[in-house]
Amino acid sequence: MTALVEHRRDPRPGPRVATAMRHERALMRAAHPLAFPLLDRVPGPVRRVPGLGVLVKDAALLRGVLMDTAGFTKNGPGAPSDLWTPVLGPSVLLNMEGADHAALRRRLAPLFAPAAVEALVAEGLGAATRELSEALGRGESVDLVAHARRGASAVIARLVGLEPEEGAAAVVDDELFRRVAAITGYVTLARPRLTPRQVARARGVLEELGAHARRAYAGDESTVPGRMRALGLDEREALGAVGAFVLTGTETIVSSLPRIAALLIDSGLLGWAGEHPARADAAIHEGLRVTTPSPMMLRAATRPGRIGDVAVRAGDRILLGTWWADRAGGDFDPERNPAASLKQLWFGAGAHYCLGAPLAMAQLRLALGALLAHPRLEVAARRPARGVLIPGYAELTVRVP
Ligand code: HEM
């Protein structure tokens, strides 16, 4: 009880929270130096932006679009299918709709059941997390971006079915990680399609991972691709799913872990969050709300209609500004926890709600748990990542003073 009182803080948003929020905005600007200031200036809740599409910044309207799968699709001009179908093939969840999409999700769901996720995270990340905690305990400086990259690589290795004894670390190394991250780096708002050269490069990286996944698919159920075969996926569906997981679930984690850690340290709430598991969870949700690692979702309108006061034509590109919708809840405040009312909008909503959300939460809980054991942690160095699709730090070095 004493500890709870010790870390209770002034309920007014303090200057430290303001600093934390400034660092966050700087990450958005560094990632998207042209698009972010432009879109940031567009007033909400919904507005047509010439040359780009219809921008939605209001949480309720945005959720309405996500839930209306007849009116808005991921397949269509300027929608995600334009980007990912040439790289991943036509049937990889994030470019599917309707009954086929629902059926594939149902078959993949057991991979993300709590027990499966806990096992994946404990086997893949347990040792690295212990090392992180011990290094901090010894007073060493640790770059949380490098740590998150190693963790993401370990998870990729498991998703493609590489066992540690096969030298997974040598196959999924920093170089491969950089090449995976380069794929999403090709994407910009103004150019919603990849060039033939970019498609060829992206396919090259995924082919390399696919070769391992193909071997694992043919093997027993102890690997993720082997399990997919047991769940009834044919080889093409399994390889497509692996590619989709690698593309969607890597950078989002590498972005979110250091950013949530920085928010907690910058705002002075690390000690508060470490005092109870419920507080740690609130801090993760609130951190995901404020960071919204996947800041925008895209759809194409299938028929004429309206979003709020704005008329929409069939074929219109819809820019769902989740980052702004989530920000309407105010500054980072895990005590008040405005994230609770948003129903995890940062993971999407409806038919395409993030399939990997349980895996993401398990990874964040594990890593944050290691950091929360060091309430005096401070940021020793930070550098934003420039010109990337998913905003984040290029370096966030922390240490216990
Ligand atoms: C903090 C981390 C993450 C965030 C913020 C995030 C966010 C999102 C969002 C917003 C969507 C919906 C996109 C849309 O409707 O257009 C989505 C979909 C998806 N995510 Fe995540 N994601 C994260 C981690 C992961 C992980 C770790 C995986 C798997 C390894 C994953 C796999 C997927 C897949 C497969 C979809 C497509 C689902 C479908 O279309 O049915 N995500 N994610």
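By convention here, the first residue in the shown sequence is residue 1. Both counts, for ligands and for their atoms, begin at 1 and track the order of listing.
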- Would you call the rings of Trp323 and Phe36 parallel, tilted or perpendicular if under 30° counts as parallel and over 60° as perpendicular? perpendicular

- Message: Looking only at the side chains, is there a donor atom on one of Trp324 and Asp58 sitting less than 3.5 Å from an acceptor on the other?
- Response: no

- Task: Heavy-atom contacts with Lys74 under 4.0 Å: which atoms of ligand 1 show up? List them by number with element.
- Result: 13 (C), 14 (C), 15 (O), 16 (O)

- Task: Can you pull out the closest protein heavy atom to atom 40 (O) of ligand 1? Residue, atom name and distance to 0.1 Å, please.
- Result: His352 ND1, 2.6 Å

- Can you find an N/O atom of Ser256 closer than 3.5 Å to an N/O atom of ligand 1? no

- Task: For His101, counting its heavy atoms only, list the atoms of ligand 1 lying under 4.0 Å from any of them.
- Result: 39 (C), 40 (O), 41 (O)

- Item | Which of the ligand 1 atoms, numbered from 1, are nearer than 4.0 Å to a heavy atom of Leu359 | 30 (C)

- Is it the case that Thr129 and Glu131 place a side-chain donor and acceptor less than 3.5 Å from each other? no

- Message: Quick one about Thr223 and Arg227 (side-chain donor to acceptor, distance below 3.5 Å, no hydrogens or angles considered), yes or no?
- Response: no

- Do any protein N, O or S atoms sit under 2.8 Å from atom 21 (Fe) of ligand 1, and which ones are they? Cys354 SG

- Item | Residues Asp266, Arg16: salt bridge by 4.0 Å N-O rule | no

- Task: Please report which non-hydrogen protein atom sits nearest to atom 37 (C) of ligand 1, along with the residue it belongs to and the distance in Å to one decimal place.
- Result: Leu94 CD2, 4.2 Å

- Message: Please list the nearest protein heavy atom to atom 15 (O) of ligand 1 with its residue and the distance rounded to 0.1 Å.
- Response: Arg299 NH2, 2.7 Å

- Query: Is the shortest N/O to N/O distance between Tyr353 and ligand 1 below 3.5 Å?
  - Reply: no

- To which protein heavy atom is atom 10 (C) of ligand 1 closest, and what is the distance rounded to 0.1 Å? Trp346 O, 3.4 Å

- Going through the checks in order, is the salt bridge (Lys or Arg N to Asp or Glu O under 4.0 Å) test met by Arg48 and Asp316? CA-CA 10 Å; Arg48 184 175 289 278; Asp316 269 345; 2.7 Å; yes

- Compute whether any side-chain donor of one residue and acceptor of the other, for Arg382 and Tyr393, lie under 3.5 angstrom apart. yes

- Query: Does Arg289 come within less than 4.0 Å of Asp326, counting only side-chain N to carboxylate O?
  - Reply: no

- Has ligand 1 got any nitrogen or oxygen that is less than 3.5 angstrom from a nitrogen or oxygen of Gln363? no

- Message: With no hydrogens and no angle check, just 3.5 Å: does a side-chain donor-acceptor pair link Asn95 and Thr85?
- Response: yes

- Message: Strictly below 4.0 Å, N to O, side chains only: are Glu235 and Arg214 in salt-bridge contact?
- Response: yes

- Task: Please determine if Glu335 and Arg279 form a salt bridge, counting it only when a charged side-chain N lies under 4.0 Å from a carboxylate O.
- Result: no

